[in-house]
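Right, one structure below, let's go through it.
Every chain is numbered from 1 and lettered A, B, ... according to where its sequence line falls, protein lines coming before strand lines.
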Amino acid sequence: MNKVSFSYLDELNEVQRNAVTTIDGPVMVIAGPGSGKTRVLTYRIAHLINSGVHPGQILALTFTNKAAREMKERIERVIGSSANKIWAGTFHSLFARILRVEAHRIGYPNDFTIYDTDDTKSVISEIVKTMNLDKKVYAPGVVRSRISSAKSNLITPKAYAVNEELLAYDRMNMRPHIHVLYDKYVKKCEKAGAMDFDDLLLQMFKLLYQNPDNVRSKYQNQFKYILVDEFQDTNYLQYEIMKLLIEYPDSPRNICIVGDDAQSIYSFRGASIENILMFETDFPEVQVFKLEQNYRSTNFIVNAANEVITYNSNQIKKKIWTQKEDGKKIKLIKAATDNEEGKRVSDSIIEQKNRFNLANKDIAILYRTNAQSRVFEENLRRFNIPYRVYGGLSFYQRKEIKDFLAYIRMVINDKDDEAFKRIINFPKRGIGNTSVEEIAKIAEDNGMSMWEVINSIELNSRAKKSIGEFVSIIRESKAKIDKLDAYEAAKFILNKSGIMTMLKADGSIESRSRMENLTSLLDGIQEFVQDDTLEINEEFSNDKSLSKFIQNISLMTDQDENNADADTVTLMSVHSAKGLEYRSIFVVGLEENLFPSYMSLADPSQIEEERRLFYVAITRAEEHLTLSYANSRYQYGDMRFNDPSRFLEEIKDENIDGLIGITRESKGFGEPKILGNFKPLKPKTASLNINPDDFSASPISKIIPGARVLHLKFGEGQVLSVDDRQIATILFSDAVDSPEKRIVLKFAKLQVLE
DNA sequence: GGGGGCTATGGGGGG
DNA sequence: CATAGCCCCC
């Protein structure tokens with residue numbers, strides 16, 4: 001029955017095997033890209049379980065939802081359904097889960113609200129306004145990041161107020177009052193029963209550190225084995241939480257950290273490479289395993305990665321290597337404009353699919369900023385290449401979804417002033433800014449929530465009647481949530497809110513899509529109600545209330561994962577590509593000011609982080625790596641000109657193939673004139689399967705009317721005519737859209753068939 | 001006091 | 001290009 005099999009150990013190389021089987025005491029795995037890190041992690045967990053560890057005693061922490069999901073899936077494949085007993089997930093989601101049970105011990109309600117970045121910024125703006133500070137100087141984003149990094153370094157508002165270094169920095173930037181804002185912000189969140197993303201860590205720390213009712217030992221006993229993925233991305237606070245969980249008298253200190261300093265790309269949110277050094281000091285008995293053999297990429301790609309990273313001065317010495325063949329050289333696409341870049345990349349994707357028999361899902365386009373996706377989306381659509389965009393504005397960040405969720409938040413936690421402000425006058429019911437500010441002021445002065453104010457204080461605002469309407473919507477909804485299941489309750493609230501009525505009345509295409517989104521959120525809630533799979537810990541699993549549903553929604557940043565197996569090209573930021581691999585990778589927008597980002601140019605350490613980011617990007621590729629840049633692009637509404645990225649120069653020429661396509665010396669405006677044929681292809685174009693080795697382009701002089709030719713993209717065709725500009729009209733009978741194509745001979749790859 | 005339209009400004013990455 | 005803030009009219 002429970003036959004224990006250790007056969008998976010045969011699939012590992014020696015270093016990997018040692019990293020998997022050394023289960024006692026602290027272990028550090030330094031894992032280069034493609035070195036089988038995830039395999040080591042999953043097999044290590046499988047090995048723990050095979051060695052008699054109960055799955056519920058394992059805590060496996062990751063940074064992104066995507067990494068967590070992938071880890072869980074892979075563990076399940078190895079050990080079966082008991083995998084769902086493992087505490088595997090992101091720091092934020094697992095700590096939120098614990099705090100949902102324990103928060104009352106540290107003065108928070110267990111059904112605390114989670115503030116996302118927008119909520120946080122809005123709270124800060126409010127404080128800046130009431131303090132009569134300049135909102136340009138105290139931009140909410142800037143203030144938020146100061147507060148966030150204070151929290152990440154365990155600096156309380158009190159400590160901040162006397163920390164000369166921080167104060168001096170703020171004075172230098174003409175923001176001497178940040179410590180006051182920090183203090184007020186924390187108090188406001190506490191009063192609203194809300195935690196921001198940093199609080200999920202900070203309050204977890206507080207819980208373990210202050211140790212009410214000896215709660216710490218409960219979790220120390222529960223988590224006998226701790227694993228941390230992407231350790232180079234942890235911040236000080238996360239490190240301290242780990243230590244509280246692992247360090248106690250006679251602790252076996254079973255902690256395994258996995259990471260790669262060369263892939264540290266999150267210092268902007270407080271991650272610190274120093275944690276790796278600190279770990280070696282705090283756990284001197286640590287056993288270190290270095291995984292340097294790369295199983296992912298061919299040699300040209302590995303070489304390029306090694307070359308690029310040598311330009312960084314701060315790094316743990318290691319060199320990745322591969323036994324694979326040289327493979328294809330790196331391709332470079334040089335475009336005149338961002339739009340041409342989009343076209344050439346799409347063009348190149350079609351060519352690769354045909355020449356190398358790649359599926360769409362083997363291909364990913366990686367960019368530095370999410371805003372770059374638009375041009376690629378447009379062009380991929382034009383070529384009828386199915387694609388999927390990760391990141392950017394997720395489903396839960398859409399306006400209509402946030403509005404509806406704000407209603408639900410209000411119904412569940414009426415102290416949630418951020419939700420209150422969002423919906424008090426949405427849909428429009430005649431309660432303007434003046435009234436809202438009056439309510440906010442009274443709330444502030446009396447230490448009440450805004451909801452309490454409108455329920456207890458007679459306002460002289462003439463919006464009184466409308467406020468009454470709002471109160472009854474929320475009250476009636478409140479009366480329902482305990483009687484109905486999450487789905488019925490949500491449907492009731494949505495109806496009451498009037499959002500749907502408003503959208504229906506509007507009738508625009510946009511409104512219709514908003515209504516669809518709301519309906520699909522309701523579907524999601526229905527699914528949640530009917531879902532019968534068990535969660536990690538049974539004490540959490542029977543709650544089907546609406547409150548339970550929305551509790552972790554702020555943490556759900558990924559887009560719907562329903563069709564993860566669909567055959568689509570993937571578009572995403574380099575950050576979210578970490579940990580993934582594709583047969584073919586396009587890294588686009590390689591220009592100074594963009595990649596590396598203009599934000600990083602002044603600071604050498606930030607340039608190094610950009611370089612690590614580039615390192616991450618190129619090491620995602622298994623066989624094909626294409627780098628592209630544009631001489632000019634539209635940014636912030638007008639045309640900008642950027643130089644090619646310094647990172648391109650850091651790759652030795654011997655690893656790079658010649659240019660693809662036109663080299664335009666002129667940095668002119670507008671569309672390049674000649675770009676081949678960009679009419680849309682029908683989807684599911686039959687792959688032509690032309691072996692590139694059998695293909696050799698013929699000289700232009702051979703392309704004459706009547707000749708039979710082979711084209712890499714369009715297959716076999718017959719030349720009808722060639723005009724004096726050397727443009728041939730060719731009949732491709734297999735082409736799905738229009739069989740007749742005009743081909744510019746100067747750029748076309750045509751082979752004359754005898 | 002509230003709502004709609006126009007102008008000015010800022011624009012990174014993720015939980 | 002998107003959003004916030006401002007002005008002006010209802």
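Take A/F470 and apply the ring pair (Phe, Tyr, Trp, His ring centres under 6.0 Å) test, not counting sequence neighbours, and it matches A/F420.
A donor-acceptor contact under 3.5 Å links the side chain of A/R144 to the base of B/dG14. In the interface, the side chain of A/E610 is paired with the base of B/dG12 through a donor and an acceptor atom under 3.5 Å apart. No hydrogens or angles were tested; on distance alone, nothing pairs the side chain of A/S573 with the base of B/dG12 as donor and acceptor under 3.5 Å.
For the salt bridge (Lys or Arg N to Asp or Glu O under 4.0 Å) with A/D119, the qualifying choice from A/R409, A/R144, A/K421 is A/R409, the only one to do so.
A/K121 places its NZ atom 13 Å from the C1' atom of B/dG14, with the value rounded to the nearest Å. The interatomic distance linking A/K151 (NZ) with B/dG14 (P) rounds to 21 Å, in whole Å. When the P atom of B/dG12 is taken as reference, atom CZ of A/F595 falls 15 Å away, rounded to whole Å. To the nearest angstrom, P of B/dG14 lies 16 Å from CD of A/Q232. Here B/dG15 presents its P atom at 5 Å from CG of A/N65, a figure rounded to the nearest Å. The nearest whole Å value for the distance from the CG atom in A/L601 to the P atom in B/dG12 is 14 Å. A straight line from CG of A/L366 to P of B/dG12 spans 19 Å, rounded to a whole angstrom. What separates CG of A/N593 from C1' of B/dG12 is a distance of 13 Å, to the nearest Å.
Here A/R374 lies out of heavy-atom contact (under 4.0 Å) with every strand. Using a 4.0 Å heavy-atom cutoff across all strands shown, A/D198 reaches at least one base atom of the nucleic acid. Counting non-hydrogen atoms under 4.0 angstrom, A/F91 reaches nothing in the nucleic acid. Using a 4.0 Å heavy-atom criterion, one finds that A/S600 contacts no nucleic acid atom at all. A/R633 comes within 4.0 angstrom of no nucleic acid atom, judged by non-hydrogen atoms across all strands.
Within the 3.5 Å criterion, the main-chain N or O of A/D229 finds no donor-acceptor partner in the side chain of A/T62. Although no hydrogens or angles enter the test, the distance criterion places no donor-acceptor pair under 3.5 Å between the side chain of A/E102 and the main chain of A/L99. A donor-acceptor contact shorter than 3.5 Å is absent between the side chain of A/E591 and the backbone of A/N631. Within the 3.5 Å criterion, the main-chain N or O of A/R175 finds no donor-acceptor partner in the side chain of A/N173. At distances below 3.5 Å, not a single donor-acceptor pair connects side-chain atoms of A/N379 with backbone N or O atoms of A/V345.
Of the candidate nucleotides B/dG3, B/dG11, B/dG15, B/dG11 has the atom lying nearest to any side-chain atom of A/R640. Checking B/dG15, B/dG3, B/dG12 against every side-chain atom of A/K428, the shortest atom distance belongs to B/dG3. Comparing atom distances between the A/Y266 side chain and each of B/dG13, B/dG14, B/dG4 picks out B/dG14 as nearest. Minimum atom distance to the side chain of A/T434 is reached by B/dG1, of the listed B/dG13, B/dG4, B/dG1. Nearest to the side-chain atoms of A/H575 among the listed nucleotides B/dG14, B/dG12, B/dG3 stands B/dG14. Closest to the side chain of A/T369, from the set B/dG3, B/dG15, B/dG13, is B/dG13.
Here A/S435 reaches the OP1 or OP2 of B/dG2: one of its side-chain N or O atoms lies under 4.0 Å away. Contact check, A/N370 against B/dG13: a side-chain N or O comes under 4.0 Å of OP1 or OP2.
Checked against the 6.0 Å centroid criterion, the rings of A/F63 and A/H92 do not qualify as a close aromatic pair.
For DNA chain B, the stems formed by at least three consecutive Watson-Crick or G-U pairs, with both atom-pair distances below 3.5 Å, span B:1-10 with C:1-10.
We find that A/R612 and A/E609 are joined by a salt bridge, their nearest charged nitrogen and carboxylate oxygen being less than 4.0 Å apart.
Residue whose closest nucleotide on DNA chain B sits further toward the 5' end, between A/R429 and A/Y598: A/R429.
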